[in-house]
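Residue numbering restarts at 1 for every chain, and letters A, B, ... go by the order of the sequence lines. Remember, predicted model here, so these are calculated numbers, not experimental data.
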2 protein chains.
Amino acid sequence: MFSKACEYGIRATLHIARQSQGGHRVSLKDIAGAIDSPVAFTAKILQQLVHANVIHSLKGPHGGFEMTPHQLHNVRLSHIVSAIDGDQIYRGCGLGLKACNELKPCPLHDQFKDVRDKLQLMLETTSVSELAAGLTEGLTFLKQ
Amino acid sequence: MFSKACEYGIRATLHIARQSQGGHRVSLKDIAGAIDSPVAFTAKILQQLVHANVIHSLKGPHGGFEMTPHQLHNVRLSHIVSAIDGDQIYRGCGLGLKACNELKPCPLHDQFKDVRDKLQLMLETTSVSELAAGLTEGLTFLKQ
DNA sequence: TCTTAAAAGGATAAAAATGTCCGAAATAGA
DNA sequence: TCTATTTCGGACATTTTTATCCTTTTAAGA
């Protein structure tokens with residue numbers, strides 16, 4: 001569904017969100033350890049997320065990654081997904097046809113529309129904060 | 001959502017189904033032309049679909065691909081997708097966690113479940129025949 | 001100012017997906 | 001039986017994704 005990069009991106013952001021809610025800044029190593037991902041690859045993804053204003057970073061000693069109150073309040077899953085994978089998942093045609101639309105639909109356009117719209121709605125309405133809360137409460141998990 | 005191979009596979013199967021409904025067998029070249037796909041790559045995918053008993057092939061002059069009445073009656077989109085991409089799309093965890101389940105869910109397990117179940121239901125209930133009918137009626141398209 | 005810790009960013013490597021080529025096998029028809 | 005046509009299947013090539021390594025930049029603290 002999502003690329004590996006996007007999966008790591010979501011997991012990393014959720015970990016950062018959880019720690020930021022507790023007032024803690026986290027390092028790259030910390031994140032990679034918490035979500036069980038390759039360190040250097042995770043670094044590249046975090047860079048993308050910083051550029052996309054999903055997370056915030058600070059260099060130097062005691063540096064690391066965090067989310068500002070503004071980011072914690074506003075960031076939705078859709079922001080992470082479109083920053084890494086783009087919006088083809090919920091905007092593109094299910095059969096990869098460039099010119100597929102309501103007027104000239106592919107054979108599964110209608111069937112797909114339901115699924116795609118549901119996915120889009122879910123990504124756009126689900127906030128990172130609410131998911132991070134579930135982690136803190138020990139109800140959900142980011143590895144194994 | 002699906003791999004390129006799977007997109008070609010679905011499009012090819014729909015073209016073959018449509019032609020089979022009219023009593024016509026189609027060649028590889030014919031298929032690749034109709035769905036606008038690379039010929040040799042399409043050949044590989046068709047082989048997979050023959051092995052998966054989604055379509056039927058005949059070698060030699062006047063050979064080609066077709067669907068038997070039995071296949072036309074039974075094949076659903078889910079058969080094509082699982083033959084080419086496997087069932088990870090609607091069975092796997094959205095965040096790529098191997099051990100994600102109801103008891104130990106990932107943070108977006110519940111939100112994802114809805115989307116995934118809807119996708120699974122759609123793929124398992126949509127028959128290739130019904131989609132091919134839309135093509136014949138000129139209501140839907142397989143390229144541009 | 002110097003050292004140290006951390007992210008940033010460029011170059012490269014490995015793996016997977018996508019795509020191509022060509023000879024082998026099968027089969028219809030002359 | 002011979003030839004032409006078509007799928008089959010193996011090997012190879014290209015592109016994209018995933019992953020690693022190393023140097024540079026930034027900033028804190030001694």
### Task
Provide, to the nearest angstrom, the distance between the NZ atom belonging to B:Lys59 and the P atom belonging to D:dT6.
14 Å

### Task
Please state how far atom NE2 in A:His56 lies from atom C1' in D:dT26, giving the value in whole angstrom units.
13 Å

### Message
When you measure from the side-chain N and O atoms of A:Ser57 to the phosphate of C:dA6, is any distance below 4.0 Å, counting only OP1 and OP2?
### Response
no

### Message
Measuring from the side chain of B:Phe65 (C-beta onward, heavy atoms only), which nucleotide among D:dC8, D:dC21, D:dT18 has the closest atom?
### Response
D:dC8

### Query
Quick one: on DNA chain D, does A:Gly60 or A:Val39 contact a more 5' nucleotide (nearest heavy atom)?
A:Val39

### Query
Over how many whole Å does the gap from A:Leu28 atom CG to C:dA8 atom P extend?
9 Å

### Message
For a 4.5 angstrom cut-off between non-hydrogen side-chain atoms, does B:Gln21 reach B:Leu72?
### Response
yes

### Query
Under 4.0 angstrom, heavy atoms only, what part of the nucleic acid is A:Lys29 near: base, sugar-phosphate, or nothing?
nothing

### Message
With a 4.0 Å cutoff (strictly under), does any side-chain N or O of A:Gln47 reach OP1 or OP2 of C:dA7?
### Response
no

### Query
Picking from D:dT7, C:dT4, C:dA6, which would you name as closest to the side chain of A:Pro61?
C:dT4

### Message
Without decimals, in angstroms, what is the distance between B:Phe41 CZ and D:dG9 P?
### Response
17 Å

### Message
Side chains of A:Gln71 and A:Val128, heavy atoms from C-beta outward: is any pair under 4.5 Å?
### Response
no

### Summary
Among the nucleotides C:dT18, C:dA7, C:dG19, whichever has the atom closest to the side chain of B:Pro38 is C:dG19

### Query
NA contact type, B:Leu46, heavy-atom cut-off 4.0 Å: base, sugar-phosphate, or nothing?
nothing

### Message
Salt bridge check, A:Arg25 against A:Glu66: does any charged N sit closer than 4.0 Å to a carboxylate O?
### Response
yes

### Message
In this structure, how many angstroms lie between the P atom of D:dT6 and the CD1 atom of B:Ile16, rounded?
### Response
15 Å

### Task
Would you kindly give the OH-to-C1' distance between B:Tyr8 and C:dA17, to the nearest whole Å?
11 Å

### Query
For the side chain of A:His62, counting heavy atoms from C-beta on, which of D:dT18, D:dA28, C:dT20 is nearest?
D:dA28

### Task
From the options C:dA7, D:dG10, D:dG29, select the nucleotide whose nearest atom is closest to the side chain of B:Lys44.
D:dG10

### Message
Can you measure B:Ile84 atom CD1 to C:dT18 atom C1' for me and round it to whole angstrom units?
### Response
13 Å

### Message
Between B:Asp30 and B:His15, is there a side-chain donor-acceptor contact under 3.5 Å, judged purely by atom types and distance?
### Response
yes

## Note on the structure
To the nearest angstrom, the CG-P distance between B:Leu49 and D:dT7 comes to 14 Å

### Query
NA contact type, A:Leu58, heavy-atom cut-off 4.0 Å: base, sugar-phosphate, or nothing?
sugar-phosphate

### Sugar-phosphate only, base, or nothing, as touched by A:His51 at under 4.0 Å among non-hydrogen atoms
sugar-phosphate

### Message
Could you walk me through whether A:Phe141 and B:Leu97 satisfy the side chain to side chain contact (heavy atoms under 4.5 Å, CB included) test, starting with their C-alpha distance in whole Å, then the side-chain angles of each, then the deciding distance to 0.1 Å, before giving a yes or no?
### Response
CA-CA 9 Å; A:Phe141 305 87; B:Leu97 301 178; 5.7 Å; no

